[in-house]
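See below for the structure under consideration.
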Amino acid sequence: MDVFNNATYTTIADAMLPHTQNTYWHEFSEISRYNVQLNYFERLWAAWYAFMGNDILATGIMSFLMHEVVYFGRSLPWMIVDRIPALNKYKIQNQKIPSAKEQWDCAKLVLLSHFTVELPQIWLFHPMAQYFGLSTSVPFPTFFTMAYQIAIFFVLEDTWHYWMHRALHWGPLYKNIHKIHHQYSAPFGLAAEYASPIEVMILGLGTVSAPILWCAITKDLHILTMYIWIVLRLFQAIDAHSGYEFPYSLHHFLPFWAGADHHDTHHEKFVGNYSSSFRWWDKWLDTESGPEATKRRRERKLAKAKAKAM
């Protein structure tokens, strides 16, 4: 098991075998004693892999637990917001507040999808990515390295999502796959992953394949970067489905960011606004949805008609 980058640490890791004879905190104590250059989080991380003794198992458990905690942890505040009347004015479709039953029905399908579709994908990610050079070692990559890699993942995933999502709105695919996700014309945070298992696999592939592609080409990817990317992607997806538009929403400061108003319109109109994180694909390919986009198309059409008449 490769816990440390430096080859001199190998004997320390080997001395911890067999893993089942020691507790996690014993492993943590031993790593802390001999690796004072590591920060506290790096010691916790190394101790986890040393304690588990199996990288695939250690990564699988940590990845799935992280996904569940983040998904439901981020959805919970939006569920609370839905119950606060004073915040109803920020609800984009404020006449459609999800009931407790709708939230519970949604949660049941999402949990089923997590355990039957996403869990196997999460479990298979580590051996597949490790084959291409994924690192689980310490020390961690620099902040700058993680930041620029995650920015690339956002762009790649957004491109995948736009084209796959647009394809899912084609008649037969919409009827047999994507229609489930559009059960709620006024989305709410918990419904971000409320979808057919096939759709979960198709769109989820963009989230996972972007880092794998990067790793295959550059041989430079740490699983911590992957975790932070997944957390940010979950936040983006849940917030985009929240149904709330605030004065401080991110797209007011980053005009190219999609946000809740962009995706809420997609659910309300059932067409257009196919991107996940950014607005540029919809703008470039004229698939924006909503009153303003319709007005711009009408004006362009009138301008062309006048030009021909002249």
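At a threshold of 4.5 Å between non-hydrogen side-chain atoms, the residues Ile177 and Trp170 do not count as touching.
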Check: residues 101-111 side-chain donor-acceptor pairs under 3.5 Å, at least two apart:
residue: Lys101; atom: NZ; partner: Asp105; partner atom: OD2; Å: 2.7
residue: Glu102; atom: OE1; partner: Ser99; partner atom: N; Å: 2.9

Listing, residues 186-194 side-chain donor-acceptor contacts under 3.5 Å, not counting sequence neighbours, or none:
residue: Glu193; atom: OE1; partner: His114; partner atom: NE2; Å: 2.5
residue: Glu193; atom: OE2; partner: His67; partner atom: NE2; Å: 3.4
residue: Tyr194; atom: OH; partner: Gln183; partner atom: OE1; Å: 2.7

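His241 and His263 share a side-chain donor-acceptor pair at under 3.5 Å. Between the side chains of Trp281 and Thr159, at least one donor N or O sits under 3.5 Å from an acceptor N or O. Side chains of Ser276 and Glu157: a donor on one and an acceptor on the other come within 3.5 Å. Side-chain contact, Thr287 with Asp282: a donor N or O sits under 3.5 Å from an acceptor N or O. For the residue pair Trp214 / Asp220, no side-chain donor-acceptor distance below 3.5 Å is found, with atom types taken as modelled. Looking at Tyr244 and Asp82, their side chains do bring a donor and an acceptor atom within 3.5 Å of each other.
Electrostatic pairing of Asp261 and Arg279 counts as a salt bridge here, judged by a charged N lying under 4.0 Å from a carboxylate O. Ion pairing between a basic and an acidic side chain is recognised when a charged N comes within 4.0 Å of a carboxylate O; Lys91 and Glu245 show no such pairing.
Residue Tyr49 is tested with Asn54, Thr59, Asp55 for a side chain to side chain donor-acceptor pair (under 3.5 Å); the sole match is Thr59.
For His161 and Tyr274, the gap between ring centers reaches or exceeds 6.0 Å.
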